[in-house]
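Inspection log for the structure reproduced underneath, given as structure tokens.
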2 protein chains.
Amino acid sequence: MKKERDLYRDFLKSKDLKMTKPRLIIMEAVFENHEHFNIDDLYEQIRKKHKNVSRATIYRTVPLLVEAGLIKQSLRCESKDIYEHTYGHENHLHFICDNCGKIIESGFSDVAILIDLLAKNENFEIKEYNLGARGLCKDCQKKRIINEK
Amino acid sequence: MKKERDLYRDFLKSKDLKMTKPRLIIMEAVFENHEHFNIDDLYEQIRKKHKNVSRATIYRTVPLLVEAGLIKQSLRCESKDIYEHTYGHENHLHFICDNCGKIIESGFSDVAILIDLLAKNENFEIKEYNLGARGLCKDCQKKRIINEK
DNA sequence: AATTTTAATGAGAATGAATCTCAAATGCAT
DNA sequence: ATGCATTTGAGATTCATTCTCATTAAAATT
């Protein structure tokens, strides 16, 4: 938590942005709990302690955290953008169950090497991987056998 | 175009859905041009020839094409869902330029093998890969050097 | 520490993609 | 051709996200 705050502070300073109370509250809330979260969740979480942080400010601040490299936009779920921590977290990919919505994470160091090669072929400079697959998790595979006919 | 239509027809029949004029028009428009398209593009394209196909019907029909396995939802761009053909197209991944928005496609057969392994570890059954990365394309890397101070 | 300057905030209005509603139209089995 | 369930078009609705703008707060200057 310490380091995130310092990085954030430095980032804001480098952009001539002010370190305000709402910006600090939001950043701390983001790193308090979740790995995956959406703006609504975050708003509810913050509201429990701070009645006067508005949705608008959260919508304005989250992109700053992205730009600072502390979080990234990872998925969409129920028509909402989902974010996740990046600082201090290994790259990973998401297996998303089409049936129950469960998100399974899995490391991908070997995969990255191959993708880096493909990128090199295209002279593309990767900033951020975005890897995943949809399908059926273990449990829902079983359910399907039972449910179908 | 012939085969797509047959597959679609069979799909509709299997679901007890009717092969209506709008459903045919929309399906043909989808396979007329694009690889990547959003609903708005599709609507405009269709409107040129058929003044009486409504947006609502397009929004209703595109998910049918997805369910039939002919297209899939691939990306989001400018807050809009983007679709792409799957039938007759190799799996590929997307490199998306953060600066100019260009989408570069690249095959990924080797990558898929690795990801299949990871999925097997989690007992996850993959229906559809979703692979990509964000960064800078060749041209925008050059521009960056020029633009940044 | 008080003042000035400038950016950031909160609250609610606005936007816009996607979904829903329902009367009218159409496909299809008979 | 007839009847009936399904689908459609048009516009209303929803809901996540963005915008507006008067007020407030941060930091720069005195």
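Chain identifiers are assigned alphabetically (A, B, ...) following the order of the sequence lines, protein sequences preceding nucleic acid strands; residue numbering begins at 1 within each chain. Keep in mind that this is a model prediction, so the values were computed, not measured.
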- What is the distance from CD1 of A:Ile25 to C1' of D:dA25, rounded to the nearest Å? 13 Å
- Message: Using OP1 and OP2 only, check whether a side-chain N or O of A:Tyr59 sits under 4.0 Å from D:dT17.
- Response: yes
- Could you state the atom-to-atom distance from NZ of B:Lys15 to P of D:dT7 in whole Å? 13 Å
- If you round to the nearest 0.5 Å, how far is CG of B:Leu65 from CZ of B:Phe11? 8.5 Å
- Query: Atom NZ of B:Lys18 to atom P of D:dC4: distance rounded to whole Å?
  - Reply: 13 Å
Distances under 3.5 Å only, N/O to N/O: pair up the protein atoms with those of nucleotides 21-25 of chain C.
{"from": "C:dT21", "atom 1": "O4", "to": "B:Arg60", "atom 2": "NH1", "distance (Å)": "3.3"}

- Whole Å only: how far is the CZ atom of A:Arg55 from the C1' atom of D:dC19? 16 Å
- For D:dT8, take OP1 and OP2 only and decide whether either is under 4.0 Å from a side-chain N or O of B:Thr20. yes
- Query: For A:Ser54 and B:Pro63, take the nucleotide of DNA chain C holding the closest heavy atom to each; which residue's nucleotide lies nearer the 5' end?
  - Reply: A:Ser54
- Message: Please tell me if B:Thr57 has a side-chain N or O lying less than 4.0 Å from either OP1 or OP2 of D:dG9.
- Response: yes
- Item | Rounded interatomic separation in angstrom, taking CG from B:Leu24 and P from C:dT26 | 16 Å
- Message: Categorize B:Arg9 for me: base, sugar-phosphate, or nothing, with a 4.0 angstrom heavy-atom threshold over every strand shown.
- Response: nothing
- Message: Measure CG/A:Asn52 against P/C:dG12 and give the value in whole Å, please.
- Response: 14 Å
- Item | First of B:Leu17 and B:Asp81 reached from the 5' end of DNA chain C, by closest nucleotide | B:Asp81
- Pairwise 5' ranking along DNA chain D for A:Lys21 and A:Arg76, keeping only the more 5' one: A:Arg76
- What is the ring orientation for B:His92 with B:His94, classed by angle as parallel under 30°, tilted 30 to 60°, or perpendicular over 60°? perpendicular
- Query: Can you check whether B:His50 reaches B:Lys21 side chain to side chain, under 4.5 Å on heavy atoms?
  - Reply: no
- Send over the distance from A:Lys80 NZ to D:dT14 C1', rounded to a whole Å. 13 Å
- Query: Distance only, no hydrogens: is a donor on one side chain within 3.5 Å (strictly under) of an acceptor on the other, for B:His36 and B:Glu84?
  - Reply: yes
- Query: Considering the terminal five base pairs at each end of the helix from C:dA1-D:dT30 to C:dT30-D:dA1, what angle separates the two local helix axes, rounded to 10°?
  - Reply: 30°
- Between C:dA17, D:dT17, D:dG9, which nucleotide gets closest to the side-chain atoms of A:Ile39? D:dT17
- Item | Atom-to-atom span, CE of B:Met27 to C1' of D:dT8 - whole angstrom | 20 Å
- Task: Could you state whether A:Ile113 and A:Val111 fall into the same hydrophobic cluster, counting links through intermediate Ile, Leu, Val, Met, Phe, Trp or Tyr residues with side-chain heavy atoms under 4.5 angstrom apart?
- Result: no
- When you check the phosphate oxygens OP1 and OP2 of C:dA8, does a side-chain N or O of A:Arg23 lie under 4.0 Å from one of them? yes
- B:Leu70 side chain near B:Phe31 side chain, heavy-atom distance below 4.5 Å: yes
- Task: For A:Gln141 and A:Leu136, indicate whether the former's side chain and the latter's backbone hold a donor-acceptor pair under 3.5 Å.
- Result: yes
- Query: Salt bridge check: are B:Asp41 and B:Lys80 linked by an N-O gap of less than 4.0 Å?
  - Reply: no
- Item | Stepwise salt bridge (charged side-chain N to carboxylate O under 4.0 Å, His left out) check, B:Asp81 with A:Arg76 | CA-CA 11 Å; B:Asp81 285 333; A:Arg76 288 204 108 225; 5.1 Å; no
